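Data first, discussion second: the structure below is written as structure tokens.
Fair warning: this is a prediction, and the values are worked out from it, not measured in the lab. Just the heavy atoms: all of them, side chains too, but no hydrogens, waters or symmetry mates, feed the values below.
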Amino acid sequence: MFGKLFLLVKNNAGTAVINNPLIAAKHHEAVMIEASSSIIEVLKGQMENGKLKDLVKYFKSSGVYNQSLVSSMVNRFANRLNTFYNVDAAVAIATAKSLIPQVMAELVKASKSEEIKEFKLVNMLTKLNGDRADLSLLVDRAMVA
């Protein structure tokens with residue numbers, strides 16, 4: 001799943017990263033990994049903080065619910081761009097805002113598709129949980145609620 005998420009980021013990184021003259025070409029892949037990591041860390045944080053129901057609701061409602069989730073990802077990614085790649089704070093925020101929401105929209109869409117099994121919501125959340133537990137029952141209950 002994590003590799004597929006990186007590919008999703010990479011496929012959407014054209015304007016924000018690849019064609020951005022303020023991000024050195026030698027850092028493109030690392031920056032895309034940072035974007036993927038930011039998404040994963042925020043999703044995992046939601047689960048670890050007992051917000052599985054909110055997370056399921058986010059994916060169920062096509063991402064329109066809980067925009068603070070995406071804002072957290074944008075801020076985390078922008079902070080990393082600023083801290084580790086010396087990208088100016090305003091440029092870092094603009095870059096993150098042009099990439100993360102787009103990737104999350106694709107991720108929500110993919111989670112509803114039968115084509116990419118890794119992004120099916122139960123599978124994705126189970127991977128984020130470190131395969132420690134099958135979350136099928138919890139996700140099913142949250143989907144109904």
Side-chain angles (χ1 to χ4, degrees), residues 1-113 115-136 138-139 142-143 145:
M1 184 210 87
F2 302 118
K4 292 250 187 212
L5 178 60
F6 174 77
L7 289 175
L8 193 61
V9 168
K10 188 174 183 178
N11 290 339
N12 287 282
T15 303
V17 178
I18 306 298
N19 299 327
N20 187 337
L22 300 173
I23 298 176
K26 66 181 180 180
H27 296 305
H28 287 173
E29 188 164 337
V31 165
M32 290 183 282
I33 290 169
E34 294 288 1
S36 301
S37 296
S38 296
I39 292 168
I40 291 165
E41 288 170 10
V42 170
L43 292 175
K44 282 177 84 171
Q46 287 285 110
M47 291 178 64
E48 290 167 358
N49 291 321
K51 297 183 179 179
L52 179 65
K53 193 173 188 178
D54 289 340
L55 199 52
V56 170
K57 197 171 187 179
Y58 172 82
F59 281 92
K60 181 180 173 184
S61 64
S62 297
V64 294
Y65 169 83
N66 195 357
Q67 286 301 312
S68 65
L69 184 71
V70 174
S71 293
S72 294
M73 293 170 186
V74 165
N75 291 334
R76 183 175 297 243
F77 179 47
N79 185 42
R80 287 180 173 179
L81 287 173
N82 180 256
T83 303
F84 301 120
Y85 302 95
N86 298 318
V87 175
D88 176 74
V91 172
I93 284 286
T95 300
K97 283 183 176 179
S98 71
L99 179 60
I100 299 294
Q102 189 175 335
V103 170
M104 288 308 294
E106 295 268 335
L107 187 58
V108 167
K109 185 176 162 185
S111 74
K112 295 177 180 188
S113 169
E115 294 174 27
I116 307 171
K117 300 291 184 208
E118 291 91 347
F119 289 148
K120 190 172 166 141
L121 190 56
V122 172
N123 296 343
M124 185 172 27
L125 296 177
T126 299
K127 286 288 183 201
L128 287 170
N129 187 32
D131 286 322
R132 290 180 287 198
D134 180 4
L135 300 174
S136 306
L138 286 172
V139 172
M143 290 291 270

For side chain to side chain contact (heavy atoms under 4.5 Å, CB included), just list the numbers for F77 and V31, CA-CA rounded to whole Å, side-chain angles, deciding distance to a tenth of an Å, and then say yes or no. CA-CA 9 Å; F77 179 47; V31 165; 3.7 Å; yes
Between the OG atom in S36 and the NZ atom in K10, the distance rounded to the nearest 0.5 Å is 11.0 Å
Closest non-hydrogen contact found for M32 with A13 is SD-CB, 3.7 Å
(Q) Quick one: does any side-chain atom of H27 pair with a main-chain N or O of Y85 as donor and acceptor, under 3.5 Å? (A) no
Throw together a table of side-chain donor-acceptor distances under 3.5 angstrom for residues 95-102, partners on residues two or more places apart or in other chains.
from : atom 1 : to  : atom 2 : distance (Å)
T95  : OG1    : N20 : ND2    : 3.2
T95  : OG1    : V91 : O      : 2.8
S98  : OG     : A94 : O      : 3.4
S98  : OG     : T95 : O      : 2.9
Q102 : NE2    : N12 : OD1    : 2.9

- Message: What I'd like to find out is whether the side chain of N82 reaches to under 4.5 Å of the side chain of V87, using heavy atoms alone.
- Response: no
The complete set of salt bridge (charged side-chain N to carboxylate O under 4.0 Å, His left out) pairs with one or both residues in residues 16-27, sequence neighbours excluded, reads none
Quiz prompt | Validation row: K109, F119 side chains within 4.5 angstrom (heavy atoms) | solution = no
The reported gap from CZ in F59 to NZ in K112 (rounded to nearest 0.5 angstrom) is 10.0 Å
Do the side chains of I93 and N75 get nearer than 4.5 Å, heavy atoms only? yes
Value for CD1 (I33) from CZ (F6), rounded to nearest 0.5 Å, stands at 5.0 Å
Taking side chain as C-beta onward, heavy atoms only, is N86 less than 4.5 Å from L81?
no
Q | Side-chain donor or acceptor of S111 paired with backbone N/O of V108 under 3.5 Å | A | yes
Taken to the nearest 0.5 Å, the spacing of L55 CG from L69 CG works out to 6.5 Å
Shortest non-hydrogen pair, M104 vs I39, comes out as SD-CG2, 3.8 Å
Sorted by chain and residue number, the salt bridge (Lys or Arg N to Asp or Glu O under 4.0 Å) partners of E41 (sequence neighbours excluded) come out as R76, R80
CG of N79 to CD of E34, rounded to nearest 0.5 Å, is 10.0 Å
Scanning both residues in full, the closest heavy-atom pair of L43 with M73 reads CD2-CE, 3.7 Å
Side-chain donor or acceptor of N49 paired with backbone N/O of K51 under 3.5 Å: no
Smallest heavy-atom separation, M47 atom then L52 atom, equals CG-CD1, 4.3 Å
